[in-house]
Number of protein chains: 2
Amino acid sequence: MTLLQENSPIKTSDMLIGALLRVPAEAIHRRIIHELNAAGFQELSLPHMALFRFPGPDGVRPSVLAERAGMSKQAMNRLLGSLEDLGYLVRSDAPDEGRARIVRFTKRGHAAWAKALEVLREIEREWRAELGPKDFSQLKELLFRVWESPLIR
Amino acid sequence: MTLLQENSPIKTSDMLIGALLRVPAEAIHRRIIHELNAAGFQELSLPHMALFRFPGPDGVRPSVLAERAGMSKQAMNRLLGSLEDLGYLVRSDAPDEGRARIVRFTKRGHAAWAKALEVLREIEREWRAELGPKDFSQLKELLFRVWESPLIR
DNA sequence: TAAATAAGGTAAACATAGTTTACTCGGAGT
DNA sequence: ACTCCGAGTAAACTATGTTTACCTTATTTA
């Protein structure tokens, strides 16, 4: 029932797609938090990453963000409250729609978002250098096909 | 500062590697939990997945599992305690090494582990059907090269 | 040999972060 | 005017993780 033999090297066929995706995804996640912290955005921790992820919270309503993050409106609201206290964003009234509000980055929020993108681009450069430009493009292309497919619904 | 243009379709180049890895990885994660629950392993929830992941906890020491999962020994110990109460595993004394213990799946634990692997293999079949066998193999091969590289340390 | 040290494991207090339950506010439909 | 609905909010509760502290056993060392 164990998955690996003793003393034999790991092969591609031993690895299932779950671990192959999860491990690098988590590594990227940790690195982004680490570099944001190091760049002066000390307060940002793991739960905040529910917001600092594609396609970002700027201009979006809290309930939509809750939906995207897969959490309750209340939990999202507390996250937003904490980030508002920390000066990363504001929740302003939406002019037209009833009681609706809209999340807007402050200057500091934009700076943090820009830093996160910068780290991600740096990571892409490193991967491209390691795999070679052609294979890296191929990897992104394949993952994009997964993205567009019904596989991940 | 926004990442996307209005009213234009998303292209590969818009997507950064972080989201391309994270979204499918999370989808797989959710599905495994869901199908384990449906298969009679109702009690298993998200935090338990820190153990139900490659290469599995069977035969491993608690402190190693804590290290792998990136959490404290105490937190891991509580997880193990909860799974022990639920009948998925036992912590037996290791015969030689001092106070060391070893985690062992019970029959139920083995069954859950086998089910998780089965779901994963089903997911792989679906992806292979969607992408085609050649491209799917290519995807795994590229991810494996990332796995072996220093990129994810 | 005896004492100090290190490593694995455990326990309790605490902090964090999420869900559940319940409420308010504003707009739309009747 | 009355009801209903959706968005947002608040408070109580729950879970899950960290911090702090301690026990046990083996190894090192004076």
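Keep in mind that what you see is a predicted model, and the values were worked out from it rather than measured. A, B, ... follow the sequence lines: proteins, then strands. Residue 1 opens every chain. Only heavy atoms go into these numbers, but all of them, side chains included; no hydrogens, no water, no symmetry mates.
- Checking B:Arg78 against B:Arg61, the closest nucleotide of DNA chain C that is more toward the 5' end is the one next to B:Arg61.
- The side chain of A:Asn77 contributes an N or O atom lying less than 4.0 Å from OP1 or OP2 of D:dT9.
- The side-chain hydrogen bond (donor to acceptor under 3.5 Å, both in side chains) contacts involving residues 143-153 of chain A comprise A:Arg145-B:Asp135, where partners must be two or more places apart or lie in separate chains.
- Of the candidate nucleotides D:dT9, D:dA7, D:dA12, D:dT9 has the atom lying nearest to any side-chain atom of A:Arg101.
- Within the structure, salt bridge (charged side-chain N to carboxylate O under 4.0 Å, His left out) pairs that include any residue of residues 42-53 of chain B comprise A:Glu26-B:Arg53, B:Glu43-B:Arg108 (at least two apart or interchain).
- Qualifying side chain to side chain contact (heavy atoms under 4.5 Å, CB included) partners for B:Gln74, counting only residues two or more places apart in sequence or in other chains: B:Ser72.
- Using a 4.0 Å cutoff to heavy atoms of chain A, the contacted part of DNA chain C runs 5' to 3' from C:dA17 to C:dG27.
- Qualifying salt bridge (Lys or Arg N to Asp or Glu O under 4.0 Å) partners for A:Glu130, counting only residues two or more places apart in sequence or in other chains: none.
- By the salt bridge (Lys or Arg N to Asp or Glu O under 4.0 Å) test, A:Arg99 pairs with no residue at all, sequence neighbours left out.
- B:Ala27 pairs by the side chain to side chain contact (heavy atoms under 4.5 Å, CB included) definition with A:Ile152, B:Arg30, not counting sequence neighbours.
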>> How would you summarise protein contacts on nucleotides 19-26 of chain D per nucleotide, using B for base, S for sugar-phosphate only and - for none, with heavy-atom distances below 4.0 Å?
In response: BBB--BSS
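- When the side chains of ILVMFWY residues are joined at heavy-atom separations under 4.5 Å, either directly or via intervening members, A:Met76 and A:Val60 end up in a single hydrophobic cluster.
- Near DNA chain C, meaning a heavy atom under 4.0 Å from it, residues 26-44 of chain B has no residue at all.
- Sorted by first and then second residue, the salt bridge (charged side-chain N to carboxylate O under 4.0 Å, His left out) pairs with a member in residues 65-94 of chain B read B:Glu84-B:Arg91, B:Asp93-B:Arg101; sequence neighbours excluded.
- Under the rule for a ring pair (Phe, Tyr, Trp, His ring centres under 6.0 Å), the partners of A:Phe52 that lie at least two apart in sequence or sit in another chain are A:Phe105.
- Residues passing the salt bridge (Lys or Arg N to Asp or Glu O under 4.0 Å) test with B:Glu141, sequence neighbours excluded: none.
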